[in-house]
Amino acid sequence: MNLRTKLVIAQLPWAMALLMLGWFALKNMSDLENHILHLLQINYRSVIASHGMKDALERMDAGVLFSLLGNHAVGAQMTRDHGRVFEQAIKMAMNHIENQDERTALQNTMKRWKHFQEDLEPFFDTNQQVFGKEYYMDRLYPAFLEVKGSVDRVMNLNQTAMASKIDQIPVISQRFRGMLQEAVLSGLAASILATFALQGYVLRGIRILSQVSRRLGEGDTLARAYVTGQDEIALLAKEFNNMANALWEYRLSSMGESLRLKNISQAALDAFPEPVLVFNSQGHLSHWNQAADATLDHLQEGAITVTSEEQELPAWWNHVAPALNYVLNNKKVFHPSQTEEAGILHTLQGESHFQVHGHPLFVEDHFDGGVIVMQDVTYRSRMEEMQRDMLATAAHEFRTPLTSLGLSIHLCLNEMAGPVNEKQAELLQTAQGDCQRLENLVNDLLHLSRLNTGKMELVKVPMVVDRLLAKANADKLDHALDKGVYLNVVGVEPAHLVIMADEDRLLQVLNNLLDNAIRHTDIGGTISLAAMLEGDSIVFQVMDSGQGIPPEYQTRIFECFFQIPNQESGSSGLGLSIAQEIVSLHGGRIGVESTPGQGSLFWFALPVEQVGQEASESSGESRMADGAGTASRSISLA
């Protein structure tokens with residue numbers, strides 16, 4: 001007998017008990033329903049017939065009143081029609097007599113009905129002039145009341161009988177309920193006893209295998225499972241014993257060296273002070289070191305995968321998932337570009353800042369997964385925060401004396417403090433220029449400080465992109481002409497695009513990008529502005545034909561104070577950092593595409609919160625076109 005047959009036999013007591021209980025319950029419910037219907041059906045129909053008789057009588061009386069009011073034809077017709085209805089109802093009541101009292105009451109009703117008809121016939125006989133109120137009050141109305149009272153007695157008899165039978169229903173229902181409970185308890189007890197007996201016989205081999213598995217897990221490779229029989233469990237026990245024999249041989253073989261090497265690899269992994277997570281090529285967590293175990297929660301082999309969606313994920317997964325996705329999809333190293341990208345985690349040691357690095361894992365040129373290293377940059381983040389605070393404080397302290405110094409130089413240049421010779425005026429003008437550059441640097445530092453600390457709030461309003469580009473072009477046109485650079489607006493696609501954004505801040509971003517382009521574009525060069533809608537983002541572009549940026553510096557171009565070596569910029573190195581912060585504050589992204597000697601394309605993309613077309617009255621305004629025929633270079637937003 002195989003295992004399937006044994007399991008089916010073990011379930012038979014439950015199936016039989018269920019079938020018997022179902023049959024018993026259906027039979028009792030059917031009996032109860034038939035009994036209740038038998039009790040109520042006859043009296044209910046008699047009550048319906050009594051209502052029909054009363055209604056017909058009242059309408060016949062209404063017909064008599066119609067005749068007394070002068071409408072003799074209508075009254076006679078009503079009386080005849082409802083007389084037939086009364087006779088049908090009384091026949092229905094006669095067909096559902098239950099006892100002698102009801103039969104006597106119906107016979108009395110028939111007798112009074114005949115008397116009422118005999119009195120009613122001469123009333124509508126047009127050959128007899130007996131119409132009048134006196135006849136109605138003396139003969140018809142008393143006869144009507146007698147018939148109606150007799151019908152009421154029939155109705156009362158049936159209603160009383162129905163009430164008595166309804167009072168019997170709870171008693172009958174309680175009796176059926178008790179029988180059903182006794183049957184349920186008896187069937188349940190019998191099936192439990194039979195099932196336990198059969199399942200104990202079936203599961204004996206499984207218990208033996210479970211005990212042997214536990215002993216093997218504890219390291220006892222000499223444990224064996226002895227199960228008699230020819231079913232699947234007995235066959236499984238034989239295979240299990242073969243596996244245990246192979247395991248014992250494996251311990252004694254040279255393959256144990258591989259296990260030793262694996263332990264050495266895990267020990268080397270544990271030597272890393274940073275949390276290290278290893279994922280296989282399907283994105284399943286497979287290994288981790290002691291630092292990760294001490295820092296991160298919910299670490300369980302295979303429990304967290306790159307496709308996890310429905311399960312509740314730990315907080316650190318939000319920082320790890322992007323790097324892991326990049327490594328698995330591209331099979332390349334993932335490095336964060338800036339310290340600001342460090343994630344904040346609440347670990348067992350407190351709040352820590354981590355930067356996530358990803359490395360592909362290759363085994364004999366075969367991609368086998370990825371390694372995630374969570375670098376603790378808490379100290380560095382705090383030092384950079386202190387650096388930003390110090391710069392903001394220094395900028396605040398410099399601002400007042402710089403303002404005073406600039407005012408003093410201005411007063412001297414205007415000879416408010418006395419005459420100034422030509423040499424002194426030249427020195428003062430140089431000092432005034434340096435003072436203005438220092439003041440611009442202090443303003444940039446204060447502005448960047450407000451952005452970094454989140455003190456700057458956006459004031460988003462509907463704005464037309466065409467006008468924004470035209471305004472930025474107008475602000476920097478004189479500067480470009482002084483440098484000998486051609487500045488133009490290529491256009492906006494679609495035209496007259498309206499978005500929700502902080503217009504002053506976006507204008508500042510465009511001005512900073514234009515300043516950077518003008519500084520690095522030679523005389524006779526071209527700078528173009530453009531904007532276009534791509535998917536759910538609006539992309540702004542500043543294109544120049546200038547010097548270009550070497551590839552090794554393109555990832556650092558937005559860092560504070562960064563200057564490309566061997567290039568004279570004449571700037572503080574904060575404009576692009578401020579632009580990046582403002583774009584990030586809008587929830588957007590910024591980047592650059594450049595080839596040395598062929599110019600650069602700076603772009604930033606903002607999510608479109610609200611987009612539309614400018615009102616029709618503004619559609620007639622001319623857009624600034626590309627006078628030099630410079631083509632717009634677009635970028636792909638994946």
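What you are looking at is a predicted structure, and each value in this text was computed from that prediction instead of being measured.
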message: Could you go through D119 and Y141, starting from their C-alpha distance and side-chain angles, then the distance that decides it, and tell me whether this counts as side-chain hydrogen bond (donor to acceptor under 3.5 Å, both in side chains)?
response: CA-CA 10 Å; D119 293 336; Y141 187 66; over 6 Å; no
message: For Y326, I'd like to know if atom OH has over 12 heavy atoms of other residues, nucleotides or ligands within 6.0 Å.
response: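 Yes, because the 6.0 Å sphere around OH of Y326 holds more than 12 heavy atoms from other groups.
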task: Give a yes or no on whether R224 atom CZ has more than 12 heavy-atom contacts from other residues, nucleotides or ligands under 6.0 Å away.
output: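 It does: R224 CZ has more than 12 such atoms within range.
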- prompt: Which residues satisfy the ring pair (Phe, Tyr, Trp, His ring centres under 6.0 Å) test with F116, sequence neighbours excluded?
  reply: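 Per chain and number, F116 pairs via ring pair (Phe, Tyr, Trp, His ring centres under 6.0 Å) with no residue.
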Can you tell me how far apart [atom1] ([X]) and [atom2] ([Y]) are? Round to the nearest 0.5 Å.
X: L469; Y: R467; atom1: CG; atom2: CZ; value: 12.5 Å
X: I48; Y: M92; atom1: CD1; atom2: CE; value: 7.0 Å
X: R103; Y: M94; atom1: CZ; atom2: CE; value: 6.5 Å
X: L157; Y: N99; atom1: CG; atom2: CG; value: 7.0 Å
X: Q100; Y: Q107; atom1: CD; atom2: CD; value: 7.0 Å
X: T79; Y: L65; atom1: OG1; atom2: CG; value: 9.5 Å

Donor-acceptor pair, distance only, cut-off 3.5 Å: does the side chain of [X] make one with the backbone of [Y]?
X: D466; Y: H496; result: yes
X: N108; Y: T104; result: no
X: N156; Y: D152; result: yes

task: Could you give me the CA-CA distance, side-chain angles and deciding distance for L285 and L277, then say whether side chain to side chain contact (heavy atoms under 4.5 Å, CB included) is met?
output: CA-CA 7 Å; L285 179 64; L277 305 172; 4.1 Å; yes
query: M53 pairs by side-chain contact (heavy atoms from CB on, under 4.5 Å) with which of V147, I90, V85?
result: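 Passing option: I90.
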Taking all heavy atoms of [X] and all of [Y], pick out the closest pair and write down the distance.
X: A76; Y: S67; result: N-OG, 4.0 Å
X: S281; Y: L328; result: O-CD2, 4.2 Å
X: A105; Y: S150; result: O-OG, 3.6 Å
X: Q117; Y: E87; result: NE2-OE2, 3.2 Å
X: E102; Y: S46; result: OE2-OG, 3.1 Å
X: V320; Y: V356; result: CA-CG1, 4.3 Å

Tell me, do [X] and [Y] make a side-chain contact under 4.5 Å, heavy atoms counted?
X: L606; Y: V583; answer: yes
X: L533; Y: E493; answer: no
X: L120; Y: L140; answer: yes
X: W113; Y: L57; answer: yes
X: I538; Y: M532; answer: no
X: M500; Y: M463; answer: no
X: F66; Y: D61; answer: no
X: D81; Y: M78; answer: no

Residue pair F604, L506: steps toward the side chain to side chain contact (heavy atoms under 4.5 Å, CB included) verdict: CA-CA 10 Å; F604 63 95; L506 287 190; 4.2 Å; yes
One thing to verify: whether [Y] and [X] come together as a salt bridge, which I'm taking to mean a side-chain N less than 4.0 angstrom from a carboxylate O.
X: K148; Y: E58; result: yes
X: D502; Y: K460; result: no
X: D55; Y: R59; result: yes

message: M243 vs E239, test: side chain to side chain contact (heavy atoms under 4.5 Å, CB included). Steps then yes/no.
response: CA-CA 6 Å; M243 180 194 70; E239 296 297 330; over 6 Å; no
message: Under the rule for salt bridge (charged side-chain N to carboxylate O under 4.0 Å, His left out), what residues qualify as partners of D504, not counting sequence neighbours?
response: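 D504: no salt bridge (charged side-chain N to carboxylate O under 4.0 Å, His left out) contacts found.
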- prompt: For the residue pair W603 and F540, is the inter-centroid distance of their aromatic rings smaller than 6.0 Å?
  reply: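 No, too far apart.
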query: Any side-chain donor paired with an acceptor under 3.5 Å for R214 and Q211?
result: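 R214 vs Q211: no donor-acceptor pair found between side chains.
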